[in-house]
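To start, the structure under review is shown below, and the notes come after it.
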Amino acid sequence: MSMQPDRQAPPVTAQECAKHAAAAAALDHVRDGMRLGLGTGSTAAIFVALLGDRVAAGLRVTGVPTSERTAEQARDLGIALATLDEMPELDLTIDGADEYDPSLRLIKGGGGALLREKIVACASRRMLVIADASKAADVLGRFPLPVEVNRFGLGATRLAVERAAARSGCDGEIALRRRDGEPFLTDGGHLILDCRFGAIPNPEALAAGLAAVPGVVEHGLFLGIAGVILSGNPDGTVTSLGHPDVR
Ligand code: 5RP
């Protein structure tokens with residue numbers, strides 16, 4: 001039996017109100033019969049709860065969850081689920097973000113689901129991001145960049161990450177993510193390095209450098225993946241960035 005509430009509690013704080021507004025606006029992009037990537041995090045969870053209401057009212061969609069957490073929530077709500085093996089191409093992924101810039105570049109992975117999130121988003125024709133406006137940044141990097149790494153060779157991988165970052169003009173503390181005093185493990189059984197680089201002057205160069213490190217499984221820079229960002233404001237209005245038909 002799941003501990004997750006079936007329905008989302010009504011928004012109380014201004015930030016919750018903003019997240020709710022973004023999640024609700026995303027429903028307008030969902031059509032009957034769609035194959036949907038379902039994101040991870042508190043904003044994505046609001047979207048999944050609202051989607052569950054629509055499914056209960058007769059909407060037919062199939063979701064591919066980006067984490068065990070989201071899978072459990074969706075299952076509890078009666079949303080039909082599939083894997084990317086069964087359904088390798090999706091119509092739309094709806095997911096949150098930890099930070100976004102005016103070019104729709106993202107930092108993701110605060111919830112530790114970045115690997116599955118990126119695989120699912122890239123298997124989708126479009127990615128729609130739902131976030132509250134506090135996630136907006138002129139330059140990415142205020143949020144520590146999550147880098148998912150293999151457990152083997154952690155020390156060497158950390159050093160290689162540091163050197164790759166330096167080559168793209170980034171430096172700062174690189175910390176192993178912990179939960180309850182123990183190393184945090186992703187759904188795939190990997191570790192996460194949270195990289196406090198501050199402003200990232202060239203996200204593309206950093207992404208390429210990180211991708212070339214053998215122990216790096218994936219990094220939280222989502223570049224050229226999001227087509228639209230629905231940014232919720234505290235007053236409940238939503239600002240849309242990007243174009244719905246563009247990846
Ligand atoms: C999880 C993520 C989330 O999308 C991100 O952390 C945003 O979460 P929230 O909606 O709770 O602010 O990348 O890996």
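Both ligands and their constituent atoms are indexed starting at 1 by order of listing. Residues take their numbers from the sequence shown, with the count starting at 1.
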Ion pair present between [X] and [Y], side-chain N to carboxylate O less than 4.0 angstrom?
X	Y	answer
R126	D91	no
E99	R105	no
E173	R196	yes
R116	E68	yes

Practice problem: Report all protein residues having a heavy-atom distance below 4.0 Å to some atom of ligand 1; order the list by chain, then number. | Solution: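 Residues near ligand 1: K19, T40, G41, S42, T43, D95, G96, A97, D98, K108, G109, G110, G111, G112, A113, E117, K135.
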Self-check item: R179 to F184 six-membered ring, cation-pi geometry met (6.0 Å, 45°)
Solution: no
All N/O donor-acceptor pairs, side-chain side in residues 221-232, below 3.5 Å, sequence neighbours left out:
{"from": "S231", "atom 1": "OG", "to": "Y100", "atom 2": "OH", "distance (Å)": "2.6"}

